[in-house]
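First comes the structure, then the notes that go with it.
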Amino acid sequence: MKAGKLCNLGQRSQELLYVSLSKALSSATSSRQLYKLHSLIITSGLDQSVFFSGKLISKYAQFKDPVGSLSVFRRVSPANSVYQWNSMIRALTHNGLFSDALEFYSQMRNLELKQDTYTFPSVINACAGLSDLEMGRIVHNHVLEMGFGSDLYIGNALIDMYSRFNDLDMARRVFDEMASRDVVSWNSLISGCSSNGYWEEAIQLFHQSRMAGVIPDSFSVSGVLPACGDLVAIEEGQVVHGLVEKMGIKKDVIVSNGLLSMYFKFNRLTDCKLIFSEMVVQDTVSWNTVICGYSQSGLFEESIKLFLEMVDNFEPDLLTIGSVLRACGQIGDLKLGKYVHDYMIRNGYECDTTASNILINMYAKCGNLLASREVFDRIKFKDLVSWNSLISGYIQNECFEEAMKLLSKMKVDLRPDSVTYVMLLSMSGQLVRIHHGKEVHCDIIKMGFDSSLVVGNALIDMYAKCGKLEDSLKQFENMRDRDIVTWNSIITACVHAEDYNQGFRMISRMRIEGMMPDLPTMLATLPMCSFLAAKRQGKEIHSCIFKLGIQSDVPVGNALIEMYSKCGSLKHSLLVFEQMKMKDVVTWTALISAYGMYGEGKKALRAFEEMEATGIAPDHIAFVAIIFACSHSGLVDEGQAYFDHMKKKYKIEPRIEHYACVVDLLSRSGLLAEAEEFILSMPLKPDASIWGTLLSGCRASGNVKVAERASQHIIELNSDNTGYHVLVSNVYAALGKWDKVRMIRKSLRNKGLKKDPGCSWMEIRNKVYVFGTGDRFFEQYEEVNRLLEILAGLMAKEGYVADLQFALHDVEEDEKRDLLCGHSERLAIAFGLLNTKPGTPLQVMKNLRVCGDCHTVTKYISKIVQRELLVRDANRFHLFKDGTCSCGDYW
DNA sequence: CTAGGGTTAG
């Protein structure tokens, strides 16, 4: 009895020990606890039990100790049971040792141990982890052979595996054929759709799951959030966000990170800020998400600031490094870039190929190609991106030969991809080498990359830069898919070719097809409005800019200043300028040019000084603008002073356009001798633009000798610029030297060059009216002619005499047509007078410069009819008022 | 058995 009691007690204590050990093992939270328990299990003689050995194998795996798992597995004798094999396979898969897991699986099959439903999920996971499609199919067959085809857990694992193989059809088939599904089945399929770009399907499945009565969890939300983000489905995303709040799973750091990432894709930075600051727990991924998010929204400074904040509390990892390096490259912060590179080396991240690729890019963007090359050479496993990054660096820094050398080296062991070809196209465009571009295009077709959207867009751009708008248009029409970049590229192409009608047609087509314009669209469109003086369209774009919330973007503001100034509204230019918080040298230059165009030379000078005072250094274009402004206001001394200033204070070597500005400055003010002397003392060889400028300058003072000398130079230089030859021809016509006129015209014809026909246009009540020189085919031709005759009579009474010098331009053509009163701006002005109420100011645009006689006539007209007449010619604005012009005759 | 963050190009 005693013995029996003892025996009972022993059995009970044995049971107690068993239960408490098993409980302790399940709740162990550190390797140390695990080791202690393991020895206890051994001393208790329980280590051979199927249950404890299996548990130990799993527990070692949980603490990332697969070797521990293996030693337990090996010590069990004589043979392992299915449970232990399953635990071992799961242990290996859990620790990323996929091929070992598969090795164990095949051993298990060789031993003719029968697998059960617990075996397969980890085996399937291992196939997925190895991306071993073939093995995955084999295992799937095993599953079917063993009759486990309808098992829930195996089905879920299969859905996940096929998703990772990008075989969504198979994933879907497994899902559809399952006998029963749980939330994991739905989640796996939703994530699968999300990560394979089937965003609409992911969102739809999410809704379907809820309608099927499945309660979503953190995994469901994490699966659908990226889909909402990538689709920019803001409303859907907000619905899911609301659900997250309601379910109280915001404290799940993965869910919150998903929300963050989604709102960054929506570009809703305020929401991101709020979510990030309200997060209970932030981890490295959260920081990486915001750092990367800001960097992708172009807020590189913000991104770097966050990185510096992060370093105090978290260890940056490879992804952090990547994001911040990108930001460094974008803003050219070489110092911080080097610092991060140092950090990389210190923390053993140097061998990461992706991080090294970003480094190559960063150094290239900072202009340090030597450093790029060094990083490249140190990469052990160079991938395609490594090569592309370095080649792109060379192209960006205009080292084209080096880029080509590298390309042929790369081709020895790697096949270029579409990115490589896009870079080559960009190079052809930069070099304006159509032959090269066409060769690349052929290669692209041969390699089958011509269906790629990005490649298509790059082709449009390349042809445009090579001056082949027709080919750009052909490419555009041939494209099956078009995105916003496609539209922006073709609009930019039209602008480049100065085909503004085509450009506006493209914009309206874009709208009809429902494509939303973005910031680059605005930057492409505003110059079209500037050129055409299409103020109404320009204003529409301005309101679009507000709607898009991009009004504080500096390049946008700069384009707006230019647009308003060229559309006749200096007032609005100034308004935009004043409202800009950030200004760069382009902003100030736009302002200075605007003042210049309106003859506000003094204000231009003040603006230039102000710019210098704010610490912005003028560049060579700013100097063109200021000298131009001086020239249009007769400020000869000031203009010359700036020319010296540029060389002495800013060490900017004057280019040909600066010399042309000074020639213009001198000759416009009648200082022709000084202008000629200046040309002869130039260190650069004077080209047609210099002599052409001098020749234009002669028009005001009518100095025939200088004009003839300049003309002689232009003829000798044999330039392809039609404008200069027309000027020369006009000079000879004025002198009555008809043989020379005929000679010039013949040589122009032989070269296939045509004079730009003069035309003027004006807008009345939202309609644009265009008038060509000598045009008769417009409404109210008779009335316009009658009005011009009446005006001519009134002007004669005021003392006007026609300056026939200007009438002789096109004598060989129809003489009547070329009477002075046929000049297009006069037709436009008369038409405007007829069709607007008395006293209304008129605004006329002209593609060429206003001729001297028209300038005089317009002054008379402004006085006779008492109207303000604003005329924009190719160069500037003239505001005619009560018999005078704002240009002070420095036209 | 299911979830989140990085690279080259238009």
Side-chain angles (χ1 to χ4, degrees), chain A residues 90 93 117-118 120-122 124-125 128 151-161 163 182-192 194-195 217-226 229 249 252-262 264 283-293 295-296 316-326 329 352-362 364 383-393 395-396 417-427 429 452-462 483-486 488-489 492 520:
Chain A
R90 197 181 315 133
T93 307
T117 51
Y118 294 100
F120 286 103
S122 346
I124 294 167
N125 261 338
D151 183 82
L152 180 63
Y153 279 43
I154 296 177
N156 291 346
L158 283 169
I159 294 173
D160 181 57
M161 179 186 79
S163 298
D182 66 356
V183 65
V184 179
S185 328
W186 285 95
N187 292 346
S188 302
L189 194 58
I190 292 171
S191 301
S194 241
S195 51
D217 60 9
S218 305
F219 287 85
S220 331
V221 170
S222 309
V224 76
L225 284 176
I249 52 170
D252 183 326
V253 66
I254 298 184
V255 168
S256 276
N257 288 345
L259 282 174
L260 256 184
S261 173
M262 177 183 78
F264 270 115
D283 64 2
T284 311
V285 177
S286 324
W287 283 93
N288 288 349
T289 307
V290 286
I291 290 171
C292 172
S295 158
Q296 274 169 350
D317 66 2
L318 265 174
L319 275 74
T320 326
I321 289 169
S323 295
V324 74
L325 279 178
R326 209 180 90 93
D352 184 81
T353 303
T354 301
S356 300
N357 294 344
I358 304 173
L359 268 175
I360 294 176
N361 186 256
M362 185 273 292
D383 61 9
L384 195 53
V385 180
S386 317
W387 286 92
N388 281 345
S389 299
L390 189 60
I391 295 176
S392 145
I395 293 178
Q396 277 166 25
D417 66 353
S418 63
V419 177
T420 321
Y421 283 108
V422 169
M423 299 186 318
L424 293 178
L425 286 174
S426 136
M427 186 167 96
S452 145
L453 183 57
V454 178
V455 171
N457 296 341
L459 280 166
I460 294 179
D461 187 59
M462 181 277 290
D483 67 359
I484 184 67
V485 182
T486 319
N488 291 341
S489 302
T492 309

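Convention: sequence-line order gives letters A, B, ...; per-chain numbering from 1.
- Atom CD1 of I154(A) is separated from atom P of dC1(B) by 11 Å (rounded to the nearest Å).
- Contact annotation: R326(A) reaches the phosphate of dT7(B) (side-chain N/O to OP1 or OP2, under 4.0 Å).
- The listed nucleotides are dG6(B), dT8(B), dA3(B); the one nearest the side chain of A355(A) is dG6(B).
- Phosphate proximity of dC1(B) to R90(A): absent, as no side-chain N or O sits under 4.0 Å from OP1 or OP2.
- To the nearest angstrom, P of dA3(B) lies 18 Å from CH2 of W186(A).
- Using a 4.0 Å heavy-atom cutoff across all strands shown, D151(A) reaches no nucleic acid atom at all.
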### Working for side-chain hydrogen bond (donor to acceptor under 3.5 Å, both in side chains), residues N357(A) and T354(A)
CA-CA 5 Å; N357(A) 294 344; T354(A) 301; 5.1 Å; no
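- Heavy atoms of L459(A) sit nowhere under 4.0 angstrom from any nucleic acid atom.
- Here dT8(B) presents its P atom at 6 Å from CG of N361(A), a figure rounded to the nearest Å.
- Among the nucleotides dA3(B), dT2(B), dC1(B), the one closest to any side-chain atom of D252(A) is dA3(B).
- Put simply, S218(A) has no side-chain N or O that comes within less than 4.0 Å of OP1 or OP2 on dA3(B).
- Comparing atom distances between the V419(A) side chain and each of dA3(B), dA9(B), dG6(B) picks out dA9(B) as nearest.
- For I249(A) and dT2(B), the CD1 to C1' distance is 14 Å, given to the nearest whole Å.
- In this structure, the nucleotide among dA3(B), dA9(B), dG6(B) sitting nearest to the side chain of S222(A) is dA3(B).
- In this structure, CD1 of I395(A) is placed 15 Å from P of dT8(B), rounded to the nearest angstrom.
- Going from atom CG of L225(A) over to atom C1' of dA3(B) covers 10 Å, rounded to whole Å.
- Counting distance only, with no hydrogens placed and no angle test, the side-chain atoms of N357(A) and the base atoms of dG6(B) include no donor-acceptor pair under 3.5 Å.
- Among the protein residues, T354(A) comes within range of the nucleic acid bases, having at least one heavy atom under 4.0 Å from a base atom.
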### Task
Decide yes or no on side-chain hydrogen bond (donor to acceptor under 3.5 Å, both in side chains) for S218(A) and D252(A), but give the supporting numbers first.
CA-CA 7 Å; S218(A) 305; D252(A) 183 326; 3.1 Å; yes
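- Relative to the side chain of N125(A), the nucleotides dT7(B), dA9(B), dC1(B) differ in distance, and dC1(B) lies closest.
- Under the side chain to side chain donor-acceptor pair (under 3.5 Å) criterion, S256(A) pairs with no residue, sequence neighbours left out.
- Judged by distance alone, the side chains of D383(A) and T353(A) never bring a donor and an acceptor atom under 3.5 Å apart.
- Ranking dA9(B), dG6(B), dC1(B) by closeness to the Q296(A) side chain, first place goes to dG6(B).
- When the side-chain nitrogen and oxygen atoms of Q396(A) are compared with OP1 and OP2 of dT8(B), none of them lie within a distance under 4.0 Å.
- Contact annotation for T284(A): base contact, defined as any heavy-atom pair under 4.0 Å involving a base atom.
- Residues T117(A) and I154(A) are in side-chain contact: their nearest non-hydrogen atoms beyond the backbone lie under 4.5 Å apart.
- Taking atom CD1 of I254(A) as the reference point, atom P of dT2(B) lies 12 Å away to the nearest angstrom.
- Rounded to an integer number of Å, the gap from CG of N488(A) to C1' of dA9(B) is 16 Å.
- Partners of N156(A) by side chain to side chain donor-acceptor pair (under 3.5 Å), not counting sequence neighbours, listed by chain and number: D182(A), S185(A).
- Which of dT2(B), dA9(B), dT7(B) sits closest to the side chain of V454(A) comes down to dA9(B).
- Among dG6(B), dC1(B), dA3(B), the nucleotide with an atom closest to any side-chain atom of I358(A) is dG6(B).
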